[in-house]
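All remarks here apply to the structure that follows.
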Protein chains: 2
Amino acid sequence: MSARIPRVPGFRASGVSCGIKDSGRDLALLVSDRPAAVAGVFTRSTVVGAPVELCRARVRRGRAGAVVVNSGISNVAMGARGRRDAEAMAAAAGRALGLAPDEVLVASTGVIGEPLPMSKIRRGVRSAADALRPGGLGDAARAIMTTDTVPKLAVRRVRIGAREVTLAGIAKGSGMIEPDMATLLSFLLTDAPVQPAFLRRVLREAADASFNRLSVDGEGSTSDSVLLLANGAAGGTPLRGPASPGARAFRNGLRELCEELARALARDGEGATKLVTVRVEGARSRAEAERAARRIANSLLVKTALFGGDANWGRILQTVGAGRTALRLERTEVALGGVTVFRHGASSGPAARRRAAARLGRDEIEIAVKLGAGRGKARLWTCDLSTDYVRINAEYTT
Amino acid sequence: MSARIPRVPGFRASGVSCGIKDSGRDLALLVSDRPAAVAGVFTRSTVVGAPVELCRARVRRGRAGAVVVNSGISNVAMGARGRRDAEAMAAAAGRALGLAPDEVLVASTGVIGEPLPMSKIRRGVRSAADALRPGGLGDAARAIMTTDTVPKLAVRRVRIGAREVTLAGIAKGSGMIEPDMATLLSFLLTDAPVQPAFLRRVLREAADASFNRLSVDGEGSTSDSVLLLANGAAGGTPLRGPASPGARAFRNGLRELCEELARALARDGEGATKLVTVRVEGARSRAEAERAARRIANSLLVKTALFGGDANWGRILQTVGAGRTALRLERTEVALGGVTVFRHGASSGPAARRRAAARLGRDEIEIAVKLGAGRGKARLWTCDLSTDYVRINAEYTT
C-alpha cells in the first residue's frame, strides 16, 4: 500500500515497535518542520486519561510541532504518575526533535490501569525520530492500532486560490461501542495555512459531521482525541474565517476526510461484518431524529438481526418506540438496503422482506426510516454485532 | 414442580397449546371467581401493541374478571385488524367464562407484524376454559414463555390483621434488552381485598422497585404489561390506603414478589450465564446513581467481560465516565463479587484482580461502585452477554 500513502508537505511521520505490545508497531511520531496551528476535539467523559488532560491544555495555545502516540497501554486512571508519564513522553519527543516539551502533544491507547513502560517509550521515541520520513504516515497508522484489523488513512486535495493543499489523516478505534482497547484516535495534517481560531471551528464542525456520527452511543472512551495540525507549508494567506478565499473548499475537504476515516472505523468495528448507514427522516426535530438513529445504531437486536441477515423491521420500530420518539405509525416507512419493508402502518409483505434480506448480505447497507412526524433528519454510521464481537471482548485478557 | 405451584383462593388458571407456536403451550387463562380490583403498568413506548391499548382503557375502570394471554405472535403494528383481534380474543374468553367482554384483559407476546390466527385462538380459549383449575398457574407460566428457558412463578403470604392472604405471580421475558420475542409480561394475583385506587398505587411502587430495576435500558418493548388482580376472597375490610391495617405488610409482600420475579427474569436473560446486581453509591443524586448503574448494566464491554470472567474495572469506570456521571476518581471504589479492585484512584493490584476474577465464575455476582461525589444510590439487576445471545438473536428467524 506504500504507493498510496499520502504525504503532506512539511510533515514527516514514523511508526516503530518499542515493545509495549507483544508484537507489531506501537509508537508513532508525527512532526511538522515548522510550528503548526493546532486544534483538537476530545472525549467528554468524566474519566479521562492523562494524555487528554495534557493535550487539552496545550492545544488551547493554538500551536504545536509534533504528536507522539503509543498503543498498548492507555495511561488512564494512573493518578499523578500518569500525568508525570504523559509529560515525560512529550519531553522525550521534544528532546529527540529539538522542540520545547510543550510543543509536543501526546496520545495513548490500550488497556486502562497499567503504568506506561517509560524506558521502552524513551527508546522508542528515539528510534521513531530516526525513522521519520515524508512517507511515514502508513507506519504511523499501523503503530496506533489496537484491535483494529486494518490501518486507516485518508487524503484529500483542495484548491485554495491558485494553490493546491493536502489534507491527510490517520485514525484508529473500533468506532462502535468504545472498548477500552478501541479508543478513537485520529491525527489530521494539512499544509494549508490556517489561523488557530478558525482551525478550531472547522475541526469541531468536521468532527460533529463525522466522528460524532459513529454509533458511539454517547459512549466516548477515556481517551478519544482528534488533533488537526496545519503548518502552512503550502504558503499563501492564512484562512481566517468562512469568508476567506478557499475556506469553503478547505472545510468541505476536511469534512470529507473525516467522513472517510469515520466510515473506515465503523467498517472495522470489532467483529463487524458490514458497514451500516442509518438514516432517519420525518422526526419532530433534528435532535429527535438523531436520538432515534442512535437507538437503531446501538440496538443489540437490530445489530444482531443485521449480522444474521434478518430484515427485521419489527426490531427497528420497537427500539425507536422504546426511545419514546414521536412517530405516526400510519405514515412510518422502513427501508432496508433500499427495499421498503414497512409502509402505511403495515408490513410490505414476505416477498419484500426476502428481497431486503438478500440485500443484507452485502458489506455496506442502509437502514432508512421515515417517521412522518416532522422534518428533522439525521444520519449515523455503525456496524453489525457478531459472535466475534463477544468473543473478542470476553476472551481478551487485559 | 407441581407441589410448589402457588394457589390463590378464588382464582383458577390454565395454559394450553393451540398451535400458534410450533410446539408447547401458547395460550393462558387467569380467572377470578368474582369481580376483582385490577391495576396495570404498561410500556411507555410510542409504538404499542393492540392488547396494551385495550388493557390501558379497561384497567382504568378498576375491575376485571379474567386475563387471556397468547405467546408466539405479539399483535403489534397490525393497525385496525390488530385492535379487532384483541377485542375478539377478549370476547371469546368472555363467552367461555360467562363474563362481559370488557371484564377480560388481553396480552400477546411474540413476533411483530403477523396477524393472530383467530380460529386457533378461539379454540384455544375454549380448551383453556375447560382446563381451568386452582393449581393451574404453573401451566399458565409455561404458556406465556417465548425465548424463556424456565417458567417464572413466585408466591408470598402476608398477614392482614387476623387473616393470611396470598400474593402469587407469573412472569416472562428475557428481561435484558427487550428482544421482540421477549416482551416483559407479568400477571399477579391476590385474594387480599384492596380498593382499586390503592391497588394502582402499590403496583406502581412495586413495579418501580422491581421490573423497572432490570437493565431494560429504558428499552421497554411494545407490549410490556404487568397486571395485578385482587379479588378479596380472603375476606375482611378492603385496604384503602397506606394507613389501612395490614397495608404495610401487603406492600412489602407485593414488592418482594415482584423483586423475585424480576430477578428470575434477569437470570434467564437470553444467553445469560449469571445474574448480576449493580449497586452504585456516592452519586450526586439518586437519578445520577441510576443513570450510572444503567450504563454499567447495559455496557456491552462490561457484560462481555463478566461473561469472560475478566475483573475489568477499567471498562466499568469508562462507561460511567462516558455517561458523564460526576465522580471523584480519588475517592472512587469498584468491587466485583465483594473484592475491591479499584480504590483511591488506583488499581488494587493484580492479586485482588485475580481474586475478583475467581468470584466472577459464580452464577450470582455483584458490581458495587462508590463514586465519592454525593449520597445518591441505586440498584439494578442484569445479566452477562454471551456469544449465545448473539447467536439466538442473529439466527432466530421471525
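The chains referred to below are lettered A, B, ... by the order of the sequence lines, with proteins before strands, and numbering in each begins at 1.
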Quick check on side-chain contact (heavy atoms from CB on, under 4.5 Å): which of B:Asp384, B:Thr387, B:Asp388 does A:Val390 satisfy it with? B:Thr387
Region of A:Val320 that comes under 4.5 Å of a non-hydrogen atom in chain B: backbone
Winner by heavy-atom pair count (cut-off under 4.5 Å) against chain B, out of A:Gly79, A:Ala305, A:Gly308: A:Gly308
Sequence neighbours excluded, the answer for side-chain hydrogen bond (donor to acceptor under 3.5 Å, both in side chains) partners of A:Glu53 is none
Quick check on the interface: out of B:Val48, B:Val47, B:Thr46, who has the most heavy-atom pairs with chain A under 4.5 Å? B:Thr46
Any chance you could measure B:Ser74, atom OG, to A:Gln318, atom CD, to the nearest 0.5 Å? 8.5 Å
Here the pair of heavy atoms bringing B:Trp313 nearest to A:Gly113 is CH2-CA, 3.4 Å
Report the C-alpha distance between A:Ile112 and B:Leu317 in whole Å, list the side-chain angles of each, state the deciding distance to 0.1 Å, and finish with yes or no for side chain to side chain contact (heavy atoms under 4.5 Å, CB included). CA-CA 9 Å; A:Ile112 292 181; B:Leu317 290 185; 5.8 Å; no
Rounded to the nearest 0.5 angstrom, the CG-CE distance for A:Leu329 and B:Met78 is 11.5 Å
More than 12 heavy atoms of other residues, nucleotides or ligands under 6.0 Å from CZ of A:Arg284: is that the case? no
For A:Lys274, does the NZ atom sit with more than 12 other heavy atoms under 6.0 Å from it, leaving out its own atoms? yes
As an exercise, state the distance from OG of A:Ser45 to CZ of B:Arg324, rounded to the nearest 0.5 Å. 8.5 Å
Could you look at A:Thr332 and say if it's the side chain, the backbone, both or neither that has a heavy atom under 4.5 Å from chain B? neither
